[in-house]
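Following: one structure in structure tokens, then a few remarks.
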Amino acid sequence: MTFDLTPEQDQLRDAVRALGRRYGHSYFVEKARAGEHTTELWAEAGRLGYLGVNIPTEYGGGGGGITELAIVCEELAAAGCPLLLLVVSPAIAATVLSRHGTEEQRKRHLPGLADGSQKIVFAITEPEAGSNFHRLGTVARRDGDGWLLNGRKCYISGVDEAGHVLVVARTEDSSTGKLKPALFLVPTDAPGLTRSKLDMEIVSPENQFLLYLDDVRVPADALLGESLDAGLPALFAGLNPERITVAAMGAGTGRYAIERASEYTATRKVWGGRSIGSHQGVSHPLAHAAVQVELARLMIQKAATLYDAGRDLEAGVSGNMAKYAAGEAAALAVDTAVQVLGGAGMTTEYGVATLLGAVRAGRIAPVSREMILNFVAQHVLGQDKSY
């Protein structure tokens with residue numbers, strides 16, 4: 001057992017950290033407040049190869065795994081730039097395409113995902129069903145040599161920045177008559193696909209949308225994979241990378257908040273010429289948050305290692321635990337940073353309160369802390385399913 005990164009992973013961490021700090025949290029907030037996107041940062045990360053670290057080399061990627069992509073997510077977040085689309089496009093879409101797409105689909109989409117010139121977002125959540133794919137209302141029906149899609153999706157990230165959306169729908173299995181999940185690569189400008197922006201109480205340059213699919217016609221090759229049988233394994237292929245990279249982003253955000261707060265409390269002097277950080281009422285909460293973040297990082301490393309080793313079932317358990325731990329740790333770290341900074345903690349200038357909405361959302365999405373506890377109770381503790 002080792003906790004050391006490889007020399008290449010160490011170099012990746014250092015390089016991504018340097019890139020993130022050149023942009024910084026002020027850049028991230030300015031873009032969000034202006035209603036703009038982090039286009040420059042994304043493009044540079046793509047040119048440098050950081051967006052495609054987990055994509056096979058034959059499609060222009062770095063040939064690494066989710067371990068490397070988690071490093072990218074964490075270090076950009078630790079620099080104050082938690083990019084949600086890293087989770088959606090490289091982690092989910094690229095993984096699903098790499099594992100279950102046809103060769104033509106891989107050649108068409110993966111090079112652009114690797115260099116950042118293309119983004120593919122992911123649409124599973126629905127207003128009624130949430131993320132329960134057993135109850136999805138979006139249905140795909142055969143129409144000649146293509147498909148017709150109808151339904152609604154909600155909380156879909158970054159549709160306004162993407163060329164395609166990977167839509168999870170249900171299709172009828174001709175052999176059984178039952179509905180089964182299938183994934184479709186739908187152009188975001190497809191006739192019948194419309195969107196409505198959701199107003200969110202989160203400071204983020206990445207927007208959330210409601211999607212409406214009204215007789216959206218796509219060709220046969222929009223179906224991901226060689227057949228409908230690819231649908232279920234393709235759907236699950238994206239879940240572990242999603243959990244792990246969301247957790248990495250949360251851990252990075254926690255590190256950023258603790259670093260900002262520690263710099264302030266080590267130099268701020270109010271009583272008797274001593275720094276406020278010398279008082280245990282200030283330092284202990286920060287130290288406690290730092291411990292929680294570091295524990296989350298260890299679970300992220302374990303989950304990513306298991307996933308990259310092909311041990312999907314074990315990675316599922318560790319990935320869910322990592323997401324839970326990082327979500328709690330990030331929320332604690334940002335809240336603690338705001339508290340120890342006092343009034344300064346609520347200002348935009350000090351750059352911690354701007355993350356309150358995002359870390360709170362991290363305890364809800366992409367899967368709530370309660371559903372993770374249900375998962376652990378059932379699959380680790382052997383309890384009966386409660387829902």
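Keep in mind that the numbers below use all heavy atoms, side chains included, and drop hydrogens, waters and symmetry copies.
Counting heavy atoms from C-beta on, the side chains of Val168 and Leu235 come closer than 4.5 Å. In this structure, Met249 and Leu84 have side chains that are in contact, with non-hydrogen atoms separated by less than 4.5 Å. A heavy-atom distance below 4.5 Å is not found between the side chains of Glu36 and Glu30. Within the 4.5 Å cutoff, side-chain heavy atoms of Met371 are placed close to those of Asn374. A heavy-atom distance below 4.5 Å is found between the side chains of His37 and Asp160. Between Glu349 and Ser26, the closest side-chain pair of non-hydrogen atoms is not below 4.5 Å. Side chains of His109 and Ile120 form a contact here, defined as non-hydrogen atoms less than 4.5 Å apart. Two residues are said to be in side-chain contact when any heavy atoms from C-beta on lie closer than 4.5 Å; Val216 and Val218 meet this criterion.
Under a 3.5 Å cut-off, the side chain of Gln105 and the backbone N or O of Thr102 do form a donor-acceptor pair. Here the side chain of Ser89 pairs no donor or acceptor atom with the backbone of Leu85 at under 3.5 angstrom. Checked by atom type and distance alone, the side chain of Ser278 pairs as donor or acceptor with a backbone atom of Ser275 at under 3.5 Å. At distances below 3.5 Å, at least one donor-acceptor pair connects side-chain atoms of Lys323 with backbone N or O atoms of Val367. Put simply, the side chain of Glu126 gets close to the backbone of Thr138: a donor and an acceptor are under 3.5 Å apart.
Other residues, nucleotides and ligands place more than 12 heavy atoms under 6.0 Å from the CD atom of Glu40. Counting heavy-atom neighbours within 6.0 Å of Lys107 NZ, excluding the residue itself, gives a total of 12 or less. Around CG of Leu381, the count of heavy atoms belonging to other residues, nucleotides or ligands within 6.0 Å exceeds 12. The number of heavy-atom neighbours closer than 6.0 Å to OH of Tyr155, taken from other residues, nucleotides and ligands shown, is 12 or below. Met346 CE: 12 or fewer foreign heavy atoms inside a 6.0 Å radius. Within a 6.0 Å sphere centred on NZ of Lys31, other residues, nucleotides and ligands contribute more than 12 heavy atoms. For Glu103, the CD atom counts as densely surrounded, since its 6.0 Å shell holds more than 12 non-hydrogen atoms of other residues, nucleotides or ligands.
A salt bridge links Glu104 with Arg108: the closest approach of a Lys/Arg side-chain nitrogen to an acidic carboxylate oxygen falls below 4.0 angstrom. With salt bridges taken as basic N to acidic carboxylate O contacts below 4.0 Å, none links Arg13 and Glu8. At a threshold of 4.0 Å, the pair Asp335-Arg360 does not count as salt-bridged, since none of the basic side-chain nitrogens sits closer than that to a carboxylate oxygen. Using a cut-off of 4.0 Å between Lys/Arg side-chain N and Asp/Glu carboxylate O, Asp215 and Arg217 are scored as not salt-bridged.
In this structure, CD in Glu74 is found 9.5 Å from CD in Gln301, a value given to the nearest 0.5 Å. We find the CZ-OG distance between Phe209 and Ser196 to be 8.5 Å, quoted to the nearest 0.5 Å. The distance from atom OG1 of Thr188 to atom CD1 of Ile156, rounded to the nearest 0.5 Å, is 13.0 Å. Residue Leu41 holds its CG atom at 9.0 Å from CZ of Arg22, rounded to the nearest 0.5 Å. Note that CH2 of Trp42 is 12.5 Å distant from SG of Cys81, once rounded to the nearest 0.5 Å. Note that NZ of Lys153 and CG of Leu193 are 11.5 Å apart. Values are rounded to the nearest 0.5 Å.
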* Might you work through the salt bridge (charged side-chain N to carboxylate O under 4.0 Å, His left out) test for Arg17 and Glu259, ending with a clear yes or no? => CA-CA 14 Å; Arg17 180 188 300 120; Glu259 181 179 348; over 6 Å; no

* Asked: Run the salt bridge (charged side-chain N to carboxylate O under 4.0 Å, His left out) check on Arg255 and Glu75 step by step: do they pass?
  -> CA-CA 9 Å; Arg255 284 173 51 203; Glu75 290 306 321; 2.8 Å; yes

* To do: Decide side chain to side chain contact (heavy atoms under 4.5 Å, CB included) for Val139 and Asn150; before the verdict, give the C-alpha distance in whole Å, the side-chain angles of both, and the deciding distance to 0.1 Å.
  => CA-CA 6 Å; Val139 175; Asn150 285 277; 5.8 Å; no

* **Trace of the side chain to side chain contact (heavy atoms under 4.5 Å, CB included) decision for Leu185 with Leu97** => CA-CA 10 Å; Leu185 285 157; Leu97 278 161; 4.1 Å; yes

* Worked check of salt bridge (charged side-chain N to carboxylate O under 4.0 Å, His left out) between Arg135 and Glu128 -> CA-CA 8 Å; Arg135 296 186 56 201; Glu128 301 300 325; 5.8 Å; no

* For the pair Glu44 and Leu51, evaluate side chain to side chain contact (heavy atoms under 4.5 Å, CB included) and give the outcome as yes or no after the intermediate values. => CA-CA 9 Å; Glu44 188 167 355; Leu51 303 181; over 6 Å; no

* **Chi angles and distances behind the side chain to side chain contact (heavy atoms under 4.5 Å, CB included) call for Thr253, Val359** => CA-CA 8 Å; Thr253 300; Val359 295; 3.7 Å; yes

* Asked: Should Tyr264 and Tyr350 be marked as a ring-ring contact (aromatic ring centres under 6.0 Å, His included) after you check the CA-CA gap, both sets of side-chain angles, and the distance that decides it?
  -> CA-CA 9 Å; Tyr264 180 87; Tyr350 282 87; 5.5 Å; yes

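For Ala337 against Ala257, the heavy-atom pair with the smallest separation is CB-O, 3.6 Å. Here the closest non-hydrogen pair linking Arg106 and Gly101 is NH2-O, 2.9 Å. What you find for Ala365 and Val246 is that their closest heavy atoms are O-CG1, 4.4 Å. Leu223 approaches Ala182 most closely through the heavy-atom pair CD1-CB, 3.9 Å. Residues Arg363 and Ala331 share a closest heavy-atom pair of CD-CB, 3.8 Å. Residues Gly345 and Ala353 come closest through the heavy atom pair O-CB, 3.1 Å.
Under the 4.5 Å side-chain heavy-atom criterion for ILVMFWY residues, no single connected hydrophobic cluster contains both Ile300 and Ile372. A chain of hydrophobic side-chain contacts below 4.5 Å, direct or via other Ile, Leu, Val, Met, Phe, Trp or Tyr residues, connects Leu136 to Leu213. In the hydrophobic clustering of this structure, Leu341 does not group with Leu332; members are Ile, Leu, Val, Met, Phe, Trp, Tyr whose side-chain heavy atoms approach within less than 4.5 Å, directly or through other members. Under a hydrophobic-cluster definition in which Ile, Leu, Val, Met, Phe, Trp and Tyr are linked whenever side-chain heavy atoms come within less than 4.5 Å, directly or via other members, Leu113 and Leu183 are assigned to the same cluster. Under the 4.5 Å side-chain heavy-atom criterion for Ile, Leu, Val, Met, Phe, Trp and Tyr, Tyr256 and Val16 are members of distinct hydrophobic clusters.
Between the side chains of Gln9 and Thr67, no donor-acceptor pair of N or O atoms lies under 3.5 Å. No side-chain N or O of Glu68 forms a donor-acceptor pair with one of Tyr50 less than 3.5 Å apart. With hydrogens and angles left out, the side-chain atoms of Arg152 and Tyr212 include no donor and acceptor closer than 3.5 Å. Remark: the Ser157 side chain and the Glu206 side chain contain no N/O donor-acceptor pair separated by less than 3.5 Å. Remark: the Tyr307 side chain and the Glu314 side chain contain no N/O donor-acceptor pair separated by less than 3.5 Å.
Ring geometry, His25 versus Phe28: the interplanar angle falls under 30°, so the pair is classed parallel (tilted spans 30 to 60°).
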